[in-house]
Amino acid sequence: PPHPVAPPPPLEGKLRRIAMMTSGGDAPGMNAAIRSVVRMTVEKGCEPYCIYEGYEGLVQGGSFIRKFEWEQVRGWLSEGGTLIGTARCMAFYERPGRLTAAKNMVLNGIDALIICGGDGSLTGADKFRAEWPSLIKELVDTKQLTVEQTEPFKHLNIVGLVGSIDNDMSGTDATIGCFSALGRICELVDYIEATASSHSRAFVIEVMGRHCGWLALMAGVATGADFVFIPEKPRAENWREEMCSIVAQARSMFISLHRKFGKRKTIVIIAEGAADQDGNKISPEMIKDLLADKDGLALDTRITTLGHVQRGGTACAYDRQLATLQGVEAVNAVLDATPETPTPFIAINENKITRKPLVQAVLDTKEVSKAIEAREFDRAMKLRDTEFSDMYNSYMTTTATELNQSMKLPPHKHMRIAIIHVGAPAGGVNAATRAAVAYCLTRGHTPLAIHNGFAGLARHHDDQPVGAVREFDWLEVDGWASKGGSEIGMNRETPGESGMELIASLFAKYKFDGLFMIGGFEAFQSLSQLRQAQEKYSSLCIPMTLLPATISNNVPGTEYSIGSDTCLNELVRYCDTIKQSASASRRRVFVIETQGGRSGYVATLAGLAVGAVAVYTPEEGISIAMLAADIAHLKKAFQQDSGQSRAGRLILINEKASKVYNAKLIADMIREEAHERFESRDSIPGHVQQGGTPSPMDRTRAVRLAIKCIEHLESYEDRSDKTILKDPHTCTVIGIKGASVVFSPMKEVEEKETDWPNRRPKDEFWVGLKHIVDVLSGRPEVPRPE
Ligand code: ATP
């Protein structure tokens with residue numbers, strides 16, 4: 001039960017007391033945000049506080065408001081929900097409630113509040129800050145506090161972090177928790193698909209989202225669902241006929257062709273808030289009745305309401321990173337704020353974390369709901385971020401290809417577009433291929449599969465029954481949305497190794513008008529070779545583009561390669577499991593070797609998501625002094641642990657961080673130095689890192705980027721050799737750079753941005769993040785190799 005605590009002594013100088021609170025519905029990643037805020041606050045020399053049970057705790061005061069220590073948030077990264085609780089609080093809607101809350105803040109000496117919650121919570125926060133001076137005045141006027149007591153608290157700093165599984169806040173591409181929830185939904189839909197397919201059934205799956213269709217839409221894109229219903233964009237008036245005809249079409253193709261891989265399943269995803277254009281609710285039962293109608297499709301149809309499992313349990317890698325980095329930014333924002341600074345919230349746009357005005361975002365978010373209510377759906381779509389409408393268009397393009405007749409190009413614009421996978425498998429490669437094929441078919445192009453990379457093209461072009469090049473069969477491809485690996489086969493060989501002359505002659509033989517390449521650094525290298533051979537071979541003078549796909553995320557021209565998110569999720573799962581085994585035996589450190597080639601991206605980002613005590617990368621290298629310092633730090637840390645301390649400790653080392661010090665050697669060195677005071681083991685997850693089922697982020701981004709790639713290729717109507725040779729944009733790599741998606745000319749990227757000997761970009765955007773991993777895990781300044 002709450003009990004009154006003595007007010008803490010005032011802080012000297014510029015020190016601050018920064019309180020963290022979670023509010024509204026819980027979301028995976030909230031604990032990562034708390035850990036990050038608490039530790040960053042300590043790092044900055046300030047005092048961290050946590051307010052339990054959301055605004056309720058602020059109003060109640062007493063032991064709901066507690067000072068936190070660095071150690072207290074250890075192991076929180078891998079916990080689901082919020083460990084400081086959240087509640088709905090009626091009192092905070094009214095001024096008297098907020099008055100008491102203000103009093104409690106002053107009594108505890110807290111002058112900054114970081115709130116992680118949904119739009120409701122952040123609306124409340126903004127109201128609180130706007131009212132603050134008048135609340136303080138009232139507290140003095142009514143003699144609840146003295147002028148001296150309130151003197152240091154003239155201004156309240158508030159910073160918002162958006163924690164919500166719905167991803168319903170305007171101004172940010174993602175909210176903390178949304179990708180974990182999406183991951184859970186996709187996992188469950190994948191399970192349901194197996195049953196649907198076995199029994200040839202239809203499933204209507206209801207997902208969360210009363211005003212926001214992000215979860216339903218993204219799940220539709222990631223799983224290749226037949227039909228989705230979202231609140232922002234109701235289907236056409238004749239949605240019943242439309243849905244039935246799309247389903248019937250897929251089903252009848254199956255029957256007539258007797259294919260094993262046709263559509264034996266029908267999946268319809270519906271957001272809770274789905275309605276028709278007149279605002280009438282569309283329920284899962286209505287859809288079921290339509291699909292099951294005996295005089296119509298007569299499908300054996302079931303309804304599954306996913307409910308609270310969507311809250312997701314533990315957070316996925318992305319939510320942990322996002323929450324951690326946004327937590328750091330929130331503390332920085334508190335310390336930067338002046339009385340004039342408008343209340344910010346921390347957003348992410350593509351790959352860039354930014355501060356934005358909270359008031360505007362809250363207003364925009366409310367506008368979406370208003371627009372839906374007023375049935376102004378175009379406006380509702382516009383008010384969501386660009387990625388949302390991009391995704392909607394992607395979804396519409398990749399389903400119902402036959403129905404999109406209006407998108408068909410006139411015959412003279414049709415192209416023969418070759419699709420090739422080069423490198424090692426990465427999550428999302430099949431999803432990208434499926435989307436590219438769907439888009440090609442919608443436009444009237446001929447998508448051609450090159451099997452088994454350039455090696456396959458060079459060696460099997462004549463002697464196979466179907467050859468290395470064949471037209472894609474949509475019925476087959478349609479089932480690839482969630483498949484891992486590479487369905488058309490992947491190979492690391494570059495065209496230079498296969499023989500450029502032969503490759504050029506095969507390009508001529510198959511009359512390719514455009515090339516869409518998907519793959520990692522070898523693909524990048526291959527495209528560079530093809531580009532340089534264009535002068536010599538006319539058949540290579542076609543538009544070409546690369547979609548980077550590799551777990552290592554080391555392709556120049558982008559900050560993100562598809563497949564890297566899947567890899568991080570696998571690694572995080574692996575580390576969580578290992579950490580648990582470590583904690584069962586109490587005192588153990590694991591040294592885990594990650595893949596990543598000569599790029600420390602995977603090791604660093606996984607380190608950020610699991611809270612590694614040290615991360616060793618090829619960029620930085622390892623020295624004996626560094627190891628000695630880290631081992632000394634470990635010794636001290638284990639010594640300071642209380643007997644109850646549960647979590648084991650992890651060190652991540654990239655496979656190429658050092659020629660000499662590998663995971664086993666480092667684990668042995670630690671064991672030798674630990675003198676049996678703690679244990680140490682090495683562990684190599686190996687190919688697990690390529691991932692089984694690709695993550696929803698990799699799948700959905702694959703779809704979106706692949707479609708952009710084909711759009712880019714088809715934009716070159718004039719494909720004369722002269723144009724191709726002259727225009728550097730005819731040979732490009734697509735990438736996410738900061739807050740935008742860009743096509744960069746290969747020539748420029750090869751010459752200016754590539755560290756060829758190390759097979760990675762010259763500037764790696766994430767290098768600075770390593771410092772954050774170190775700070776948040778309390779790693780001391782260690783000597784860096786020269
Ligand atoms: P979710 O997205 O999960 O619904 P939310 O933050 O929008 O999260 P709400 O229930 O709307 O959840 O808000 C949480 C709490 O924030 C409320 O219980 C209330 O204490 C406070 N709050 C919300 N809106 C306001 C408001 N307009 N004025 C004051 N306080 C508010």
Side-chain angles (χ1 to χ4, degrees), residues 19-31 33-34 51-61 64-65 80-82 84-102 104-105 113-132 134-135 156 158-172 174-182 184 207-216 231 271-273 307-312 315 319 323 343 345-347 358-359 361-370 384:
M20 173 75 194
M21 179 173 105
T22 50
S23 174
D26 71 312
M30 281 183 161
N31 288 321
I34 301 166
I51 293 164
Y52 281 71
E53 311 299 337
Y55 289 115
E56 188 61 32
L58 203 56
V59 175
Q60 298 273 343
F64 283 103
I65 302 175
T82 161
I84 58 172
T86 176
R88 314 264 174 201
C89 171
M90 294 319 288
F92 202 77
Y93 284 100
E94 311 294 334
R95 186 172 163 101
R98 295 193 291 273
L99 189 71
T100 320
N104 283 325
M105 297 254 304
L113 196 54
I114 297 176
I115 297 168
C116 182
D119 64 325
S121 306
L122 298 183
T123 307
D126 192 59
K127 199 182 259 178
F128 193 40
R129 181 177 123 141
E131 250 178 18
W132 185 259
S134 78
L135 292 172
L156 169 68
I158 286 192
V159 177
L161 290 173
V162 199
S164 158
I165 62 162
D166 295 337
N167 199 9
D168 53 357
M169 187 82 169
S170 295
T172 183
T175 55
I176 294 169
C178 71
F179 272 101
S180 301
L182 179 64
R184 200 64 75 224
V207 303
M208 284 190 179
R210 240 168 265 144
H211 305 288
C212 179
W214 188 86
L215 285 172
E272 271 173 321
H308 278 83
V309 289
Q310 293 166 81
R311 294 233 165 250
D319 277 333
T343 305
F345 81 106
I346 313 297
L358 176 62
V359 190
V362 167
L363 286 177
D364 287 349
T365 307
K366 291 203 176 1
E367 276 305 302
V368 180
S369 306
K370 280 193 206 148
R384 291 254 180 257

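We count ligands from 1, going down the list as the structure has it; atoms in each ligand are counted the same way.
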Please report, to 0.1 Å, the donor-acceptor pairs under 3.5 Å made by any side chain of residues 116-124, with sequence neighbours excluded.
from, atom 1, to, atom 2, distance (Å)
S121, OG, S23, OG, 2.8
T123, OG1, D119, O, 2.6
T123, OG1, K366, NZ, 3.2

*Is a donor on one side and an acceptor on the other found under 3.5 Å between the side chain of E131 and the backbone of F128?*
no
*Counting distance only, does the side-chain N/O of R98 pair as donor-acceptor with the main-chain N or O of F92 below 3.5 Å?*
yes
*For F345, check ring pair (Phe, Tyr, Trp, His ring centres under 6.0 Å) against everything at least two apart and list the hits.*
none
*Set of ring pair (Phe, Tyr, Trp, His ring centres under 6.0 Å) partners for Y52, sequence neighbours left out*: none
What does the contact table look like for ligand 1 (nitrogen or oxygen on each side, cut-off under 3.5 Å)?
from, atom 1, to, atom 2, distance (Å)
ligand 1, 3 (O), G25, N, 2.9
ligand 1, 6 (O), G118, N, 3.0
ligand 1, 6 (O), G118, O, 3.4
ligand 1, 6 (O), S121, N, 2.9
ligand 1, 6 (O), S121, OG, 2.4
ligand 1, 7 (O), D119, OD1, 3.3
ligand 1, 7 (O), G120, N, 2.8
ligand 1, 10 (O), R88, NH1, 2.4
ligand 1, 12 (O), R88, NH1, 2.8
ligand 1, 18 (O), C89, N, 2.7
ligand 1, 20 (O), C89, O, 2.8
ligand 1, 24 (N), G120, O, 3.1
ligand 1, 28 (N), K127, NZ, 3.3

*Gap between atom CG of D26 and atom CD1 of I84 - 0.5 Å precision*: 12.0 Å
